[in-house]
Amino acid sequence: MTIASLCTGRKSSMAIESPAAPQRYEDSYLYRLRHSAAHLMAQAVTELYPGARLSIGPPIENGFYYDIDFPEPLREDDLAKIEAKMKELAKLDQRIERLEVSRDEAKGLILDSTIPGMGEAVSEYKLQLLDAIPEGDTISFYNQQRTDRAGTFHRFLDLCRGPHIDSTKEIKNFKLMSIAGAYWRGNVNNKQLTRIYGTAFETKEELEQYLHNLEEAKKRDHRILGKELGLYMFSPRVGTGLPLWLPKGATLRDVMVDFMKKEQIKRGYDPVVTPHIGNIKLYEKSGHILTYRDKMFPFMEDEEKETYILKPMNCPFHIEIYASQMRSYRDLPVRYAEFGTVHRYEQSGEVTGILRARGFTQDDAHLFVRPDQLLDEFIGVVDLMKTVLNKLGLTDFRARLGTKDPNDNKYVGHEDNWTAATQAIRDACAKMDLPYFESPGDAAFYGPKLDLIIKDALGRDWQMGTVQVDYNLPERFELEYTGEDSKPHRPIMIHRAPFGSLERMIGLLTEQYAGAFPFWLSPVQIAILPIADRHNEKAQELALQLREVIYDTRALRVTVDDRRETLGKKIRDNQLQRVPYMLILGDKDLENGTVGVRSREGDLGAMTLEAFLNQLPS
RNA sequence: GCCGACUUAGCUCAGCGGUAGAGCGCCCGCCUUGUAAGCGGAUGGUCAUCGGUUCGAUUCCGAUAGUCGGCUCCA
């Protein structure tokens, strides 16, 4: 696969989408418009900041950016100035022209300091980009120029594959959004450039709609809703990325755990429980110390000079359990499941609420299987994942098959194993009718994997559930089972976590449902609202009665709102808490033997308790 | 970790070189309520922390911490 575009550094362009979209974004006018807006911004920057060195500036999903090496640090306040300059340059109606040149001519242009956008200032980056263009490919530049009324000549030339729109005057509805640091070519060892993000649309209405949607999305942010709904909190006195689960959030977790345990029992999993810390030697043996050390919390040493670590993953412990006794081929597959809380010392800048915490709980399991069982077991896991997604009501996800990057040699294991495992995953997805896309380079170093990817409220991708085939750890720990031939054989391990982590999944669900969880998940399912305090006693009785009702695996979760507040106030507060049902209890109801039922959608009228229970979602 | 921004009462936020304000919440009264905020009162802040500039700093500058948007990385 060649580099997707000179101006497109997107990693995702490496991925092969399986269902072809009817009109690809890359072919749209909007895409060209945004690409041209990026050039316009670069032109404005070169005029405003003579020492600025340009590197790369592609359109992206919701706009565009340009990575620029500024002589002085750029501040957010500077964006207004750049925006104003862009407006001025756009109005000049500069024609955007493509020119195709030879490699030598290209080098000449890049080094020509008389051309704005070219010369010594940019050559550091542009020559590298030129070198990256494969031999034989067309090399193109885009030029825009015009003399303004005051007689000043404006010009901008950029090495670019294009395509672009015809004139800068088409760039009217844009906004510079933010600035950020970004490493040259995405490599931390390279220089950090200043990235300016912007967006552009064809019409003013679309731009305003987009900005409005962004505001709306912020209200669905799990960090805001988590606080409003009393799900979890963080305290700086506890530590960064270490969530404290409040009663309602803890209830939500329990419900999800119950659901998963039930599914796992059905599927022949056995529960295990392992400690939070363990001897470092185990992790040396597993190899995690080599690859994971900088993501671990500081080590602990006891009086006997033994070193312990806070576990960043559960697998070595489960392996110890497997290895604790002789295994027959008849015992396999062995499936050990644990809601394992792990701790990873994520870099401070990458902790994001509950979506990326430093302490989190995986719905983890490890399957030890024979080679001939690999496909069936993988199918079983994919089936479980589909069941989970379905139950959670998640439809907006993508499945990614992470395969080996053929140009990288970081992988361990025999080629035959890789091929077999990758094919097993493809076959399992095909059999289970799960659409996926393949992404070379996204495999674990020890084997291929299948990940579920979901977007959050702000459009960011998150890896959720995962299934990974592992030939490496069985090898390192010399795991065995006795085969039919009474000789030792090596099992294959499957690591899998259908939710991924409870934290991340609850965060995503919060955003997906904007806090209005499905009935079965809601921390409070029913709020009883006595109208006056003479109804409080009956309300408590009703609550006790409802708590006898088993729904799914647990008793109905019922509260009584007996605060000395008006009914309107109680309704409002419970509505804001997204309680699925309110049962209103007053004189009329006591007389008639009914309750006033109100769902999230509004008043459903008076009905008997039996009628209410019968209409609950099944 | 790196680049940029933010941090004022429990929460959401005004304010500003002369040591602070609103709404909601909490608490106390009154009201006893029929489908999205009843009324009144009271409480509540070393303006994140530590330094500097200044006659004087919550306000200006610097450092630190936390948070947010990115980069890198990841469940």
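Residue numbers begin at 1 in each chain, while the letters A, B, ... track the order of the sequences.
Contact of A:Asp589 with B:G34 (side chain to base): a donor-acceptor pair of N or O atoms is detected under 3.5 Å. Residue side chain A:Arg504 reaches the base of B:C74 through a donor-acceptor N/O pair under 3.5 Å, judged by distance alone. A donor N or O paired with an acceptor N or O is not found under 3.5 Å between the base of B:G70 and the side-chain atoms of A:Tyr183. The base of B:U35 does not come close enough to the side chain of A:Gln575 for any donor and acceptor atom to sit less than 3.5 Å apart.
For the C1' atoms, the distance linking B:U46 with B:U19 amounts to 10 Å, nearest Å. B:G4 and B:U72 have their C1' atoms separated by 16 Å, given to the nearest Å. Taking atom C1' in both B:C60 and B:C24, one finds a spacing of 33 Å when rounded to whole Å. Annotation: B:C11 and B:C71 have their P atoms spaced 30 Å apart (nearest Å). The gap from the C1' atom of B:C28 to that of B:A65 amounts to 39 Å, rounded to the nearest Å. For the C1' atoms, the distance from B:U58 to B:C47 is 4 Å, rounded to whole Å. The same atom, C1', is picked in B:G15 and in B:A57; the two are 15 Å apart, to the nearest Å. Between the C1' atoms of B:A20 and B:U64, the separation comes to 26 Å (whole Å).
Out of B:A75, B:U33, B:G70, the shortest distance to the side chain of A:Arg195 is found at B:G70.
As judged by a 4.0 angstrom heavy-atom cut-off over every strand, A:Glu228 is placed among residues making no nucleic acid contact. Heavy atoms of A:Ala532 sit under 4.0 angstrom from at least one base atom. As judged by a 4.0 angstrom heavy-atom cut-off over every strand, A:Asp451 is placed among residues making no nucleic acid contact. Note on A:Asp587: a base of the nucleic acid sits closer than 4.0 angstrom, heavy atoms only.
If you take CZ of A:Arg600 and C1' of B:A36, they are 15 Å apart, rounded to a whole angstrom. Whole-Å rounding puts the A:Leu583 CG to B:U35 P distance at 16 Å. The NE2 atom of A:His535 sits 10 Å away from the C1' atom of B:G34 (whole-angstrom rounding). In this structure, the CZ atom of A:Arg572 is 11 Å from the P atom of B:A36, given to the nearest Å. Per the geometry, CD belonging to A:Glu565 stands 15 Å off P belonging to B:C30, to the nearest Å. Rounded to an integer number of Å, the gap from A:Tyr197 OH to B:G4 C1' is 12 Å.
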For nucleotides 7-13 of chain B, list the nitrogen or oxygen atoms of the protein found under 3.5 Å from its nitrogen or oxygen atoms, one pair per line.
from: B:U12; atom 1: OP1; to: A:Lys227; atom 2: NZ; distance (Å): 3.3

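Closest non-hydrogen pair, A:Gln615 versus A:Leu604, comes out as OE1-CD1, 4.0 Å. When every heavy atom of A:Pro498 is checked against every heavy atom of A:Met260, the shortest pair comes out as CB-CE, 3.7 Å.
Dashed line: the shortest gap from a side-chain N or O of A:Arg75 to OP1 or OP2 of B:A5 is under 4.0 Å. Note on A:Thr240: a side-chain N or O is less than 4.0 Å away from OP1 or OP2 of B:U67. Under 4.0 angstrom from either OP1 or OP2 of B:U33 there lies no side-chain N or O belonging to A:Arg563. Within the structure, every side-chain polar atom (N or O) of A:Ser178 is placed at least 4.0 Å from both OP1 and OP2 of B:G70.
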Enumerate, atom names and distances included, each donor-acceptor pair closer than 3.5 Å involving a side-chain atom of residues 231-240 of chain A, sequence neighbours excluded.
from: A:Tyr232; atom 1: OH; to: A:His222; atom 2: O; distance (Å): 2.8
from: A:Ser235; atom 1: OG; to: A:Arg237; atom 2: N; distance (Å): 3.0

>> Taking Watson-Crick (N1-N3 plus N6-O4 or O6-N4) and G-U wobble (N1-O2, O6-N3), each under 3.5 Å, can you produce the dot-bracket string of RNA chain B? Use [ ] for crossing pairs and | for inter-strand ones.
In response: (((((((..((((....[..))))..((((.......))))......(((((..]....))))))))))))....
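Against RNA chain B, the stretch residues 217-225 of chain A makes heavy-atom approaches under 4.0 Å through A:Arg223. Non-hydrogen atoms lying under 4.0 Å from RNA chain B are contributed by A:Leu458, A:Arg460, A:Gln463, A:Met464, all within residues 454-465 of chain A.
Taking the six-membered ring where tryptophan is involved, the planes of A:Tyr283 and A:Phe317 are perpendicular, since the angle between them exceeds 60° and thus also 30°. Taking the six-membered ring where tryptophan is involved, the planes of A:Tyr210 and A:Phe201 are tilted, since the angle between them lies from 30° to 60°.
Qualifying salt bridge (Lys or Arg N to Asp or Glu O under 4.0 Å) partners for A:Glu216, counting only residues two or more places apart in sequence or in other chains: A:Lys219.
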